[in-house]
Structures are given as structure tokens and as C-alpha cells.
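Each remark here refers to the structure printed beneath this line.
Below, all heavy atoms of this structure are taken into account, side chains as well, without hydrogens, waters or symmetry copies. What you see is a predicted model; the values in this text were computed from it and never measured. Here, residue 1 is the first one in the sequence, and each next residue gets the next number.
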Amino acid sequence: MPPQGSSQPPARKLCVRHQRMADEGTNLKLQQALDALPVEEREAVNTIWTNFSSSPHPRRALILQGLLTMCCFSQLSLLTEQLSQLIRIDPFTVLPREVSLKILGYLDATSLCRAAQVSRQWKSLADDDILWRGICEQHIGQKCLKCGWGLPILEKRRAIHLQPTSPCPSPSHDVPPLPHNKRDLDLDHSHPEPPAKRQRVDAGPSDRSPRSPMPSSSQLALISTRTSTPNPLVPPSHAPATDTVTRPWKDVYCERLTIERNWRRGRCVVQTLKGHTDGVMCLQFSETLSHPAFPILITGSYDRTARVWNLETGRELHCLTGHTRAVRALQFDEAKLITGSMDHTMRVWDWRTGKCLRTLEGHTEGVVCLNFDSNVLASGSVDSTVKVWNFRTGECFTLRGHRDWVNAVQLWDSGNTNLRGGSPCPDARPSSPYNGSMSHIDPGKMLFSASDDGTIRLWDLTQRACVKQFTGHVGQVQSLKLLLADQGCDDSGSDESTTSQSQEIDSQANNRPAQSSSSSNPPAFRPSAVLNAPDSVPNDVPTGAFIHTLEDSDSSAKGKEKAVDADRSPAAGIRKPRKPVLISGSLDNTIKVWDIDSGKAVRTLFGHIEGVWAVASDNLRLVSGSHDRTIKVWNREEGRCTATLVGHRGAVTCLALGEDKIVSGSDDGDVRLWSFSG
């Protein structure tokens, strides 16, 4: 008996194998089998085991080799059966959880799903949020550099159940729809120019409703208080507090993988919004507005109206009337909507209330396109010019150089990029007198414009001059899209298709995008600030009071916090700087992807059998709408069409791309929602 006060010797620490034997009761079973033997045999077996246990490792190896030479096949078979179980070891039962997660972090989504099926312990490790957050950051919103797959962000995930209704009556000056072939190409020799340009014979001034005076902000407030049902578009005075709801990252990944598979396989649910009485020419939708909670779609049509829709229910909320000819262009942000019409004017609306705030006049022919940001509004017209309206100074100047209709304009903050190569403009000179030091336009502010003369021009707005011309299309250029693409995933100067790396991902287990014609919405301004402004602006005259209000209110809105998303979106990973890519669609039936630095087309997409009216793109895919009544979904890097959507009865004249949907408008007067959310 050890003396009192002396400590017990520490317990012997067993190796992994012997600890498992102790846990499984293997020694106890052997002892029971040994006790069943006679005494002499028991002593002989104990002697062999004792000698082997007391031998060093080299002697043990020698004893084992000798025993193997004495074994027959029956004994070798027994050894094989026993060893197949004994030599197995589960590393995750030995390693710390942190080390196990580090090892699993090198697996892809498919391998993690398979690992989760091994055991409960493996499932708890393979489903860890840390692992799936890393996979989401690698794939969501961008294409993975390893596998080539990318998943949509889905900043606000919503279920869409459309019940189309049209509470808004058609305008009093409705006219019968144009013939079906009103926008046919030059194949119709009875018309000297493309029928797309043929202007409608609209009602004269005597048919126009008299313009009523603009109500003041106090009158609008009084009207709103008397209304029995509140306007769902107007933000409440006190927004209710919302709780942030989070989900496991694996669920987030699985949901988005399902949507991406639907995109690749062309599986979608189609809903039709009816309300316009003539062809739809322009549209934009947004799912990221701070208010309302549902997505908003605004469309413009040849029926001279712009309509505001609840894209979640398909219900029409407002019908904006005032233009006297076709609405050809529009863009909206948090509070204001600007529309351009063939009546030579642009109108500024508070789309939440449906009130027209201002009318901008300056073009001598119809306005076909427009684009604005927090500083500048640009518009293109049938008169072959581009007008630039400066929100800061109220100044409006004109860019001249195109020889035909200007069909698309796109602003670009180049950041003083040194543009090299490309075709210089034949008239590279300022289009109008200016004082460079007083231009009040941020350095590097550029503008792309596309025209029926077959060219795309790049303008420096601080110099008011064309700095580059993109040539290559042999037909009228109808649409432009500027995209900031990841350099690791984008082609850079070669027409050769890249190799797809998605074969393995496409077989994964079943466990598991702007959305508008412009990828981001400029800051909002307060509509009440311009309710009492005059109704029109003279041609090329500075519009200081109105434009200054836009600029000042834009600045005040920059501090607004973004609405909290119901899903958890990963932070952007550290990648190479994104490179601007220009995409154009033309009536020569092609889509071209341009390198802006060199001014050359790096890829031409063939597939449509008639002219392309509209294009849209994000980092994951490119979509196009054509006169052949189809919408095509493309892999931009490979130049390959992945899906063709059919359903419109007329030319697809406009479209917008979201993360899980396409919204398209057509000459048939319908707006179609193609939902890939499954």
C-alpha cells in the first residue's frame, strides 16, 4: 500500500487504436473466449501473448512474419476480414473540430454533400455554416474561377403570384393598334426607311386635353389625407421595425443552385401582364427599392402611356398620361421617373403618385433613348443629336456627330482611364462652345451612343467631344449595355471560346440581377421640392432652378440606409479589378462584345434570324430580344446560346434581366415575366 500523501501514477494514455478497442469492449470478449479454454491451453496462449507484448517492435515484426508463413488460406482469409475493419480510422474523431473544418474547406459543394452522408458526425461538420459561407462567397454574384459556375445574388427573394388586372383606363386619345409589320426591316421596299422609324399620325392639338395647373405640395398632402385607402407606393412616415431573418448558408446555396440550373436548362414559368393597348417600347424594374416592399415595374408604350406595375402580383398601380405620342424611353430611381417620347419632350414624374413634375424640351424630333445618374441626364433623338443635361448647373449642351437616329445612350464613369487604340472620331472636336473649368462634370465622365448610322461613339463629357468610334456592325445599332465583368472570367481580346468547366457541378445532389435596363439605380430626390416648378424648359436654355433641385436632393439622399435583406448575401471576395465590357445589338441580326480599350469587337454572337432590338447582361449571362419574336439566353464568354424563349406574338422590343427572371415587352402589347425561380 503506497504511503499516505503520495500521488497516484498518471493513468496510461492509450493510442487511438487501443482506445477504440477499449470503447468497443474487444479485450473483454477476448478474455471471455480465453476463460472457456482448458487451463493448459490458457497458459500456452497467455505465454505467447505475453512474449509478443514484451517484445520490441523489430522482434514483433519478425514474429508476425513467421506466423504468416505458417498460416493457411483459411487463417489468411480471417486476417484479411479482421484487418479491413481494424485499419480503418475516422480522422474527424481524432482531429479537433477546427482542423476538420480546415480540411473540409478544400472540398467543393458536391464532395461536401457526399461527406454529409457518411455519418452524423460528418454531417454536422459538412453542414457547418463556415464551409458553406465560403462556397457562397466563391460562387454567388460571380463566376467561380475553378468550376466556371456562378449563382445569382437574389438580394430580395420573393414568391410571385401574378393576377393581372388593369384598373387604369386607356387614355382618351386611344388609337387602333398599328399593323403587325409596323417595325419590319428594310425588306419592305414600299417604304424608303425602316418602318420602325415611321411615326404615327397622332391626334392634333385640338384633341389634346388641356394641361391643368400643377397642385402644390400642401394640396397633395390634403388629397392624400382624404383618401380612404393609402397609396402603397408612398413611404410611411414611420417605417415599422423589421427583424433580420437569417438561414443556414447551405440553404442559401441550394436555393440559388436550383435557379442557376433552371437558367441553364431553359426551365421557366411565364406570366403575361396585359394593360397596354399598343406595342411596349421600354421598361425597367427594380427589386431593391427601400419602399415599397414589392418589386416595381414601369413600362412605356406606343399607346402614349407609362404604366406602373406591382411585379409581385401583376397589378397595375398607375397609368401615367400626358405624352401626346409614343413613349420610347424611360428610367426611374427611388422617387423620380423620366420618360422620353416621340412628341419631342421628356417628362419627369413622381411615379409613386403618378404626377408629372416637369416637362423638358430641347430636341427638335422625338426622344428615343435616355440615361441618367446623380449628376447627368443624357438623351438621344431622331434629330441625330445627343443632349446632356447637367443637374448641378442646369446647363444643357448638344453632342453632334451621328448621321441618323440615336437609339441608345449609356453613361460611364471611366475614372480617367487612358483610352488607347480604336478608331478616332472623324470630327474629334467639341460639339459646342464651353468653358472647361466651369463644366461641373466629374473628370472621367463618358457617354456611349449608338445610332442608325451603324456606329457607336464614345464621348468625353468634360471635353464635349467624341474620343472614339466603334465600327463593325453593318446594320442599325439599336441597344447598348455596359457591364463591369470579372477579368478572371471574361474574354480579353480573343474570339476563341473558353472551355467550360461545369460538367462536374451539373451532377450535384438535389439537396440544395439590376434587374433592370440599368444595373443600379441613381440616388433619389424629393419630388415635393419641384411640385411648383414651371411645366417646360426652352430649347437649350439652362434650367437652373429645376436641375439644381435634382442635384441637391440627390446629394441629400446618399445617406439613406439600404433595406435589410431577408437572405444572407456573402460579401464580395477579393478578386481582380473588374473590366468594363460594352455589348451592342443591331438590326444586322448580331450581338457584339467590345473591348473598350482597343475599340474592337472581341466576340460576335450569331443566332437570331432577324434584327436584335434589345440586349441585357450581368456577370452570369447575356440575354437578347429580336424581331424574330424570340428571346435568347447566352453564355457571354463562349458565345453560345443556352436557351431560346418563345411566346411573344410580335417583335421583342425591350427587355430587362434580373437574377431569377427576364421581363420583356413586345409589339404585341404584352409584357411577359419569365421566372426561373422554380
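- When only modelled atom types and interatomic distance are considered, Lys592 and Thr604 share a side-chain donor-acceptor pair under 3.5 Å.
- Seen from the ring of Phe448, Arg457 does not count as a face-on cation partner, given the 6.0 Å and 45° thresholds.
- Across all non-hydrogen atoms, the minimal contact from Trp389 to Ser379 is NE1-OG, 3.5 Å.
- The closest side-chain heavy-atom distance from Leu297 to Val671 is below 4.5 Å.
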Practice problem: Apply side-chain contact (heavy atoms from CB on, under 4.5 Å) to Trp349 and Ile338, showing your working. | Solution: CA-CA 6 Å; Trp349 310 78; Ile338 302 181; over 6 Å; no
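- Asp333 has its side chain within reach of Phe372: a pair of non-hydrogen atoms, C-beta onward, lies under 4.5 Å apart.
- Expressed to the nearest 0.5 Å, how far CD1 of Ile441 lies from CG of Asp460 amounts to 9.0 Å.
- Salt bridge absent: Asp343 and Arg304 never bring a charged side-chain N and a carboxylate O closer than 4.0 Å.
- Checking side-chain atoms of Ser341 against main-chain N and O of His323 turns up no donor-acceptor pair under 3.5 Å.
- Between Ala616 and Leu655, the closest heavy-atom pair is CB-CD1, 3.6 Å.
- Residues Asn589 and Val612 fail the side-chain proximity criterion, which asks for heavy atoms closer than 4.5 Å.
- Under the 3.5 Å distance criterion, the side-chain polar atoms of Asp413 are left unmatched by any main-chain donor or acceptor of Lys445.
- Listed here is the closest heavy atom pair of Leu330 and Gly300: CD2-N, 3.5 Å.
- In this structure, OG in Ser449 is found 8.0 Å from CG in Leu480, a value given to the nearest 0.5 Å.
- A donor-acceptor pair shorter than 3.5 Å can be found between the side chains of Gln331 and Asn371.
- For the pair Trp263 (side chain) and Glu659 (backbone), a donor-acceptor distance under 3.5 Å is present.
- Across all their heavy atoms, Ser414 and Gly444 have their closest contact at OG-O, 2.7 Å.
- Listed for the Thr299 side chain is no donor-acceptor partner under 3.5 Å among the backbone atoms of Leu283.
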Exercise. Would you check, one step at a time, whether the test side-chain hydrogen bond (donor to acceptor under 3.5 Å, both in side chains) holds for Ser664 with Trp674?
Key: CA-CA 8 Å; Ser664 60; Trp674 315 74; 2.9 Å; yes
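- Note that CG of Leu370 and OG1 of Thr339 are 8.0 Å apart. Values are rounded to the nearest 0.5 Å.
- Two residues are said to be in side-chain contact when any heavy atoms from C-beta on lie closer than 4.5 Å; Leu458 and Leu582 fail this criterion.
- Side chain of Asn390 to backbone of Glu395: no donor-acceptor contact under 3.5 angstrom is found.
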Practice problem: Given side-chain hydrogen bond (donor to acceptor under 3.5 Å, both in side chains), test Lys387 with Thr398 step by step and report yes or no. | Solution: CA-CA 4 Å; Lys387 287 190 178 293; Thr398 304; 2.8 Å; yes
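- Looking only at atom types and distance, the side chain of His344 has no donor-acceptor partner in the side chain of Thr364 under 3.5 Å away.
- Between the CD1 atom of Ile259 and the CZ atom of Phe676 there is a distance of 11.0 Å, given to the nearest 0.5 Å.
- Results of the side-chain contact (heavy atoms from CB on, under 4.5 Å) test with Ser479 over Thr653, Ile591, Asn407, Val615 single out Val615 as the only residue that passes.
- Residues Lys632 and Thr644 bring a donor and an acceptor atom of their side chains to less than 3.5 Å of each other.
- Inspection of the Gln476 and Asp453 side chains reveals no N or O donor paired with an N or O acceptor under 3.5 Å.
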Quiz item: Given the rule in the side-chain contact (heavy atoms from CB on, under 4.5 Å) test, do Met346 and Thr359 qualify, once you have shown the distances and angles that lead to the verdict?
Solution: CA-CA 6 Å; Met346 291 184 290; Thr359 300; over 6 Å; no
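- Checked by atom type and distance alone, the side chain of Thr590 never pairs as donor or acceptor with a backbone atom of Phe606 at under 3.5 Å.
- The backbone N or O of Gly475 sits less than 3.5 Å from a side-chain atom of Ser586, completing a donor-acceptor pair.
- Side-chain contact check for Thr455 versus Val477: every heavy-atom pair is 4.5 Å or farther apart.
- By the 30° and 60° cut-offs, the orientation of the rings of Phe470 relative to Trp594 is perpendicular.
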Practice problem: Dump the intermediate steps for side-chain contact (heavy atoms from CB on, under 4.5 Å) on Val280 and Ser666, then the final yes or no. | Solution: CA-CA 5 Å; Val280 179; Ser666 169; over 6 Å; no
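- With rounding to the nearest 0.5 Å, the separation of CD in Glu638 from CG in Leu605 is 11.0 Å.
- Under a 4.0 Å N-O distance rule, the pair Glu365/Arg328 does not qualify as a salt bridge.
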Exercise. Please assess Ser384 against Arg403 for the test side-chain contact (heavy atoms from CB on, under 4.5 Å), listing each intermediate value before the final yes or no.
Key: CA-CA 6 Å; Ser384 306; Arg403 301 182 303 276; 6.0 Å; no
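- In this structure, CD on Gln463 lies 9.5 Å from CE on Met446, to the nearest 0.5 angstrom.
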Self-check item: Audit row: His402, Thr385, side-chain hydrogen bond (donor to acceptor under 3.5 Å, both in side chains) steps and yes/no
Solution: CA-CA 7 Å; His402 285 297; Thr385 67; over 6 Å; no
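- Looking at Ser451, its side chain never comes within 3.5 Å of a backbone N or O of Val406 through a donor-acceptor pair.
- Classification of Asp442 and Arg392 as a salt-bridged pair holds, one side-chain N sitting under 4.0 Å from a carboxylate O.
- Nearest heavy atom pair, residue Ser381 against residue His363, reads CB-ND1, 3.1 Å.
- Note that Arg621 lies outside the cation-pi zone of Trp634, set by a 6.0 Å cut-off to the ring centre and a 45° limit from the axis.
- Put simply, the side chain of His648 does not reach to within 4.5 Å of the side chain of Asp667, judged on heavy atoms.
- A 4.5 Å side-chain heavy-atom check between Val382 and Val368 finds at least one atom pair inside the cut-off.
- A donor-acceptor contact shorter than 3.5 Å is absent between the side chain of Thr345 and the backbone of Glu361.
- Here Asp628 pairs with His608, Ser626, Thr630 under the side-chain hydrogen bond (donor to acceptor under 3.5 Å, both in side chains) rule; sequence neighbours left out.
- When all heavy atoms of Lys468 and Gly599 are compared, the pair lying nearest together is CD-CA, 4.2 Å.
- Using a 4.5 Å heavy-atom threshold, the side chains of Leu447 and Val376 count as separate.
- At distances below 3.5 Å, not a single donor-acceptor pair connects side-chain atoms of Trp412 with backbone N or O atoms of Pro580.
- Using the six-membered ring where Trp is involved, His627 and Trp613 have ring planes that are tilted, between 30° and 60° apart.
- Looking at residues two or more places apart in sequence or on another chain, you find a side-chain contact (heavy atoms from CB on, under 4.5 Å) between Ser301 and His276, Asp278, Asp303.
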